[in-house]
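Structure record follows, encoded as structure tokens.
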Amino acid sequence: MDLHKKYLASLKDKKNSFEHAVTEYLRMSGVYWGLCSMYLISSEDLLNKDEVVQWVLSCQHPSGGFGGSVDHDAHLLYTLSAVQILLIFDKIELVDKEKIANYVAGLQQDDGSFYGDEWGEVDTRFSYCALSCLSLLGLLDKIDVNKAVDFIVSCMNFDGGFGCIPGAESHGGQIFCCVAALAIADSLHHVRADDLCWWLCERQTAGGGLNGRPEKLPDVCYSWWNLSALVILGRIDWIDREKLRQFILNAQDETEGGIADRPGDVADVFHTFFGISGLSLLGYTEEDEEGIPGLRRIDPVYALPVQVLERMNVRVWRAV
Ligand SMILES: COc1ccc(S(=O)(=O)N2Cc3cc(-c4ccc(C=O)o4)ccc3N(Cc3cncn3C)C[C@H]2Cc2ccc(O)cc2)cc1
Ligand SMILES: [Zn+2]
């Protein structure tokens, strides 16, 4: 835990690294992954709250949307990340919620789908970003939720999984987005839970890690994508939790801190966040028996600390 705290706190000082330069376009999400990781290991105090909040606000456009960095175009991905950061810091009152909600609602299409931004890419990832962002702002009534649900259901495949668009293959990342979005819309009855959870538990490989599609290598981030869907559908016991826990712990960098996509690879903030979140979902938090001291609970639907959601009176997910 101490090494992970040092790793996460050091990210703000690595502004000249290659990785920092090539991930400028998603910096808003990178800050959310880093900050939420620090909160989950009870070390959010290591960040300069006012400095981060001012930077987030400097990325907002007149449209109400947020870009991935200063002077970057507004996008739904980074608008959600900005709202999540402000909620973790309890500073959402600094923004005009209606303005953000109007930006998000303006991206919904006639078939219920969402563009990621003005350039028109459609992906079920963006359906999740829209429903999660509006739900967190308490403004779900700004969109046609029934049509949003219809589009998501149109992306369901024979295997019970979901893809980016109708007819696209099932993928762990899209399955999280669609199942969590349907949960927010109180529409989980559309999910063929046994078929989908069979597909999800089949994603566990011999080494204990989960992959995102059949025949692919296991990857720590699917400890979030696949596992959160299993938790939402109440079937976490369909996988071997201890073997998955071991896979995540083996992906830790024992010298520098951080967690990689799999054992032996270089750690990054993306996989550090999803590894810590996976351990939290597996029930190894400070509230659980044999839990990791200092590890807090994460909500499987909103990917935010449960304590943050409870402070906001947003309904926290309880497995069915
Ligand atoms: C290293 O190659 C990639 C490939 C895709 C991407 S991505 O932006 O399309 N994206 C998010 C993502 C981020 C990172 C990363 C490393 C350091 C930082 C600093 O903030 O961020 C690394 C990977 C990654 N991927 C790729 C990936 C993860 N596991 C397997 N792969 C191939 C995911 C990808 C898609 C994505 C997921 C969530 C999200 O909110 C936005 C985009 C980024 C780097
Ligand atoms: Zn990954």
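Only heavy atoms go into these numbers, but all of them, side chains included; no hydrogens, no water, no symmetry mates. Numbers here simply count residues along the sequence, with the first being 1. We count ligands from 1, going down the list as the structure has it; atoms in each ligand are counted the same way.
Counting only heavy atoms from C-beta outward, the side chains of Arg235 and Asp194 approach each other to under 4.5 Å. The side-chain heavy atoms of Cys133 and Ile100, taken from C-beta on, include a pair separated by under 4.5 Å. At least one side-chain heavy atom of Gln307 sits under 4.5 Å from a side-chain heavy atom of Tyr39.
Counting heavy atoms closer than 4.0 Å to ligand 1, residue Asp219 contributes side-chain atoms (C-beta onward) but none from N, CA, C or O.
When hydrogens are left out, the protein atom nearest atom 15 (C) of ligand 1 is Phe270 CB, 3.8 Å; that is the closest non-hydrogen contact. Given atom 41 (C) of ligand 1, the protein heavy atom at minimum distance is Arg125 NH1, 3.9 Å.
Checked against the 6.0 Å centroid criterion, the rings of Tyr222 and His271 do not qualify as a close aromatic pair. Taking the six-membered ring wherever Trp is involved, the centroid distance between the rings of Tyr32 and Phe273 falls below 6.0 Å. Tyr128 has its ring centre no less than 6.0 Å from the ring centre of Phe114.
Relative to the six-membered ring of Phe247, Arg262 misses at least one condition, a distance below 6.0 Å or an angle of at most 45° to the axis.
There is a protein heavy atom closer than 4.0 angstrom to atom 13 (C) of ligand 1. Remark: atom 28 (C) of ligand 1 lies closer than 4.0 Å to at least one protein heavy atom. Not a single protein heavy atom sits closer than 4.0 Å to atom 32 (C) of ligand 1. Distance check for atom 3 (C) of ligand 1: every protein heavy atom is found at 4.0 Å or beyond. At least one protein heavy atom sits closer than 4.0 Å to atom 21 (O) of ligand 1. Under the 4.0 angstrom criterion, atom 18 (C) of ligand 1 counts as having a protein heavy-atom contact.
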(request) In sequence, state the C-alpha distance, the side-chain angles, and the governing distance for Glu44 and Arg296, and then conclude on side-chain contact (heavy atoms from CB on, under 4.5 Å). (result) CA-CA 12 Å; Glu44 68 275 16; Arg296 293 167 170 164; 3.1 Å; yes
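When SG of Cys221 and OD2 of Asp219 are joined through the Zn ion (ligand 2), the resulting angle is 110° to the nearest 10°.
Of the possible donor and acceptor atoms, one in the side chain of Ser58 sits under 3.5 Å from a partner among the backbone N and O of Trp55.
Using a 4.0 Å heavy-atom cutoff, Val269 is listed among the residues neighbouring ligand 1. Heavy-atom separations between Cys221 and ligand 1 include at least one value shorter than 4.0 Å. Judged by the shortest distance from any of its heavy atoms, His271 lies inside the 4.0 Å radius around the atoms of ligand 1.
Listed by atom number, the atoms of ligand 1 under 4.0 Å from Tyr25 heavy atoms are 6 (C), 7 (S), 8 (O), 43 (C). Applying the 4.0 Å criterion to heavy atoms of Gly30 picks out, from ligand 1, the atoms 20 (O). Applying the 4.0 Å criterion to heavy atoms of Glu19 picks out, from ligand 1, the atoms 17 (C).
Using bins of under 30°, 30° to 60° and over 60° for the plane-to-plane angle, the ring pair Trp224/Phe274 lands in the tilted bin.
Between the side chains of Ser10 and Asp13, no donor-acceptor pair is found at a separation under 3.5 Å.
Not one N or O of Trp33 is nearer than 3.5 Å to an N or O of ligand 1, by distance alone.
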